Amino acid sequence: MENMNAAAEDFAALLEESFATSDVYEGTVVKGTVVAIEKDLAVIDVGLKVEGRVPLKEFGAKARDSEMSVGDEVEVYLERVENALGEAVLSRDKARREESWVRLEVAFEAGEKVTGQIFNQVKGGFTVDLDGAVAFLPRSQVDIRPVRDVTPLMHNAQPFQILKMDKRRGNIVVSRRTVLEETRAEQRSELVQSLEEGQTVEGVVKNITDYGAFVDLGGIDGLLHVTDIAWRRINHPSEVLTIGQTVKVQVIRVNQETHRISLGMKQLETDPWEGIDAKYPLNAKFSGRVTNITDYGAFVELEPGIEGLIHVSEMSWTKKNVHPGKIVSTSQEVEVVVLEVDASKRRISLGLKQTLQNPWEAFAEKFPVNAEVEGEVKNKTEFGLFIGLEGDVDGMVHLSDLDWNRPGEQVIEEYKKGDVVKAIVLDVDVEKERISLGIKQLGSDPFEAAAGDVRKGAVVNCEVIEIKDGGLEVKIADSDLTAFVRRADLSRERNEQDPARFNVGDKFEARITQFDKKTRRVGVSIKALEIAEEKEAVAQYGSSEAGSSLGDILAAAMKARDED
């Protein structure tokens with residue numbers, strides 16, 4: 001019994017010594033030798049006279065191609081030194097995984113890319129085989145843009161970037177998108193550096209927006225702005241371009257820092273504005289198509305790439321403050337006149353109304369001054385009536401031209417909108433686009449008829465019809481006119497200037513000092529007549545001899561008059 005115990009102790013001591021001098025530990029990768037191949041298993045000796053069996057499929061391609069044979073040295077993972085059968089529990093897969101972890105940690109620390117294959121889809125992403133180690137690829141990290149179908153990417157060896165590693169939990173997170181972005185950035189940088197302004201390149205229309213189209217130049221996009229697609233006006237890029245279309249473009253600008261590229265198509269065509277002055281001389285008439293209407297006018301295409309503006313003020317002779325859309329419509333063919341050409345600013349000013357005769361000129365030709373016209377009352381204002389006339393023009397009757405005798409403010413109340421009235425043409429100002437009319441001129445001036453032969457400076461007989469503090473209201477003989485004699489005009493002598501010394505019905509001679517047809521006022525003066533008679537008497541009867549007084553002269557004059 002004692003011998004048996006001693007033998008056991010010796011074996012235990014020998015085994016412990018053997019472990020102490022060996023590299024074989026549970027939970028580590030160890031080297032072993034293939035001692036036999038049994039059907040689909042490989043028998044591997046890992047030392048200490050301990051053997052284990054590993055399925056051949058775990059050795060991958062080497063086993064499939066029958067390249068594995070007895071005597072080969074392999075690395076396996078030792079899970080346990082001995083199981084119930086007295087064999088070592090070995091795993092090639094776990095050994096490969098351990099090897100991969102070591103390599104992956106080195107690559108992760110160095111920021112290097114690793115190669116792997118997407119082999120399965122899981123919740124939120126995909127699993128990737130990194131040569132034995134399984135990593136997680138989030139769906140957002142598959143590509144730069146969302147990918148609907150990942151099937152073409154699966155089971156293909158491709159580079160990945162490790163984003164995160166946790167060996168304790170056995171987690172690895174990788175990204176394919178980071179690799180693509182890096183590659184794309186390098187390609188963009190190389191491509192941008194190779195591009196030069198003015199260079200002509202081919203590209204594919206990738207996307208279309210309201211303001212232009214993005215063209216893929218082979219790894220980098222350039223913007224083809226809507227204004228650079230063609231010389232003519234284009235409202236939306238889709239009128240000319242379609243997604244997937246191959247186009248030839250010119251590089252207009254390249255920003256090396258932001259990698260922004262501006263492209264143009266119209267720059268490859270001849271600029272239609274060259275020699276524009278000769279093609280469109282001033283006052284020449286052309287036909288065009290309305291392409292766009294704004295609040296301030298309408299744009300007319302004279303030829304592809306050449307547009308002119310009809311300003312709202314040049315659209316109609318008579319329609320003022322009207323939106324251009326009320327006069328012309330989009331796509332309408334119109335005839336226009338060239339008013340101005342500015343080649344440097346690439347602007348042409350056009351006129352629509354100039355293709356028609358000026359309605360004020362036409363009116364003046366047909367209705368000269370003093371001609372009679374008829375029209376409808378369009379409007380009443382504080383200064384007169386507006387009458388609609390032939391040719392869609394208006395004429396104005398001033399308050400002062402409504403009636404000969406009554407005030408215009410009173411007479412205008414007798415008219416209302418829509419009344420058809422007759423009038424006389426008083427004046428036509430073509431430049432100011434004004435027509436002056438008169439209604440009272442349809443009849444003769446009663447003032448002139450009443451005046452007869454009465455004129456300023458004439459001596460007339462007057463009859464007092466009313467006595468006022470300021471003078472006398474008198475009627476002039478041989479006419480229907482009345483006049484007013486101011487107090488100061490009643491006599492040369494101040495003491496005889498009192499109106500009270502006259503009676504209604506008194507008659508006297510006086511001289512007309514005011515005769516105004518416009519104001520229709522007549523003024524007479526006794527004083528003026530006395531002064532005139534005195535001058536005449538001095539001229540006829542005065543003497544240079546001493547002693548001849550004014551009394552003597554007047555007495556002689558009066559005697560001569562009485563004799564006459």
Side-chain angles (χ1 to χ4, degrees), residues 139-154 156 158-159 175-274 276 288-294 299-308 330-331 346:
R139 186 175 293 277
S140 62
Q141 297 296 323
V142 175
D143 207 321
I144 296 171
R145 293 183 179 84
V147 178
R148 293 182 180 178
D149 185 13
V150 189
T151 305
L153 302 177
M154 296 183 72
N156 293 325
Q158 52 195 310
S175 170
R176 179 175 175 269
R177 174 179 177 172
T178 306
V179 177
L180 293 176
E181 286 178 342
E182 186 179 329
T183 305
R184 188 182 182 197
E186 292 174 358
Q187 291 175 344
R188 283 171 63 94
S189 181
E190 290 177 5
L191 187 55
V192 169
Q193 289 176 2
S194 67
L195 292 176
E196 295 179 0
E197 293 183 5
Q199 180 181 353
T200 301
V201 293
E202 273 196 354
V204 177
V205 178
K206 201 171 184 181
N207 191 25
I208 294 176
T209 67
D210 291 339
Y211 54 87
F214 288 94
V215 179
D216 185 357
L217 303 178
I220 188 169
D221 293 347
L223 174 62
L224 174 59
H225 198 270
V226 63
T227 57
D228 289 314
I229 294 176
W231 290 107
R232 63 184 178 86
R233 179 187 293 272
I234 293 177
N235 295 317
H236 197 276
S238 58
E239 296 175 10
V240 180
L241 303 172
T242 56
I243 293 176
Q245 178 183 350
T246 300
V247 292
K248 189 174 285 186
V249 291
Q250 186 180 88
V251 178
I252 300 174
R253 282 182 302 278
V254 179
N255 190 321
Q256 298 290 349
E257 295 178 1
T258 61
H259 288 181
R260 287 185 178 175
I261 302 169
S262 298
L263 304 172
M265 286 178 65
K266 72 179 185 182
Q267 286 77 4
L268 297 175
E269 301 173 356
T270 304
D271 186 354
W273 285 88
E274 290 181 7
I276 198 73
R289 181 179 62 88
V290 178
T291 57
N292 193 29
I293 298 174
T294 67
F299 288 91
V300 175
E301 185 181 59
L302 301 173
E303 64 175 85
I306 298 295
E307 279 187 348
T330 306
S331 300
R346 306 171 82 86

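Keep in mind that this is a model prediction, so the values were computed, not measured. Excluded from the calculations below are hydrogen atoms, water molecules and symmetry mates; all remaining heavy atoms, backbone and side chain alike, are included.
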With Pro304 via side chain to side chain contact (heavy atoms under 4.5 Å, CB included) - residues at least two apart: none
Nearest heavy atoms of Leu224 and Gly264, plus distance in Å: CD1-CA, 3.5 Å
From CG (Leu223) to CG (Leu263), nearest 0.5 Å: 7.5 Å
Residues that Ser331 engages under side chain to side chain donor-acceptor pair (under 3.5 Å), provided they are two or more places apart: none
Under the side chain to side chain contact (heavy atoms under 4.5 Å, CB included) test, residues paired with Val290 that sit two or more places apart: Ile293, Ala298, Val300, Val328, Gln332, Val334
Non-neighbouring partners of Asp210 that pass side chain to side chain contact (heavy atoms under 4.5 Å, CB included), sequence neighbours left out: His236
Under the side chain to side chain contact (heavy atoms under 4.5 Å, CB included) test, residues paired with Glu269 that sit two or more places apart: Trp231
Val240 side chain reached by Arg232 side chain, heavy atoms, under 4.5 Å: yes
Gap separating the CG atom of Leu217 from the CD1 atom of Ile261, nearest 0.5 angstrom: 5.5 Å
Residues that Asp216 engages under salt bridge (charged side-chain N to carboxylate O under 4.0 Å, His left out), provided they are two or more places apart: none
Residues forming a salt bridge (charged side-chain N to carboxylate O under 4.0 Å, His left out) with Arg253, sequence neighbours excluded: none
All side chain to side chain donor-acceptor pair (under 3.5 Å) counterparts of Arg289, not counting sequence neighbours: Glu301
For Arg346, all residues meeting salt bridge (charged side-chain N to carboxylate O under 4.0 Å, His left out), sequence neighbours excluded: Asp271
Side chain proximity check, Met265 to Leu241, heavy atoms < 4.5 angstrom: yes
Which pairs of donor and acceptor atoms, one on a side chain in residues 198-208, lie under 3.5 Å apart (sequence neighbours left out)?
unit_1 : atom_1 : unit_2 : atom_2 : d
Gln199 : OE1    : Glu196 : N      : 2.9

Nearest-0.5 Å distance that lies between atom CD1 in Ile234 and atom OG1 in Thr227: 9.5 Å
side-chain contact (heavy atoms from CB on, under 4.5 Å) assessment of Gln158 paired with Val179: CA-CA 10 Å; Gln158 52 195 310; Val179 177; over 6 Å; no
Residues that Arg233 engages under salt bridge (charged side-chain N to carboxylate O under 4.0 Å, His left out), provided they are two or more places apart: Glu307
Set of side chain to side chain donor-acceptor pair (under 3.5 Å) partners for Ser175, sequence neighbours left out: Gln141, Thr178
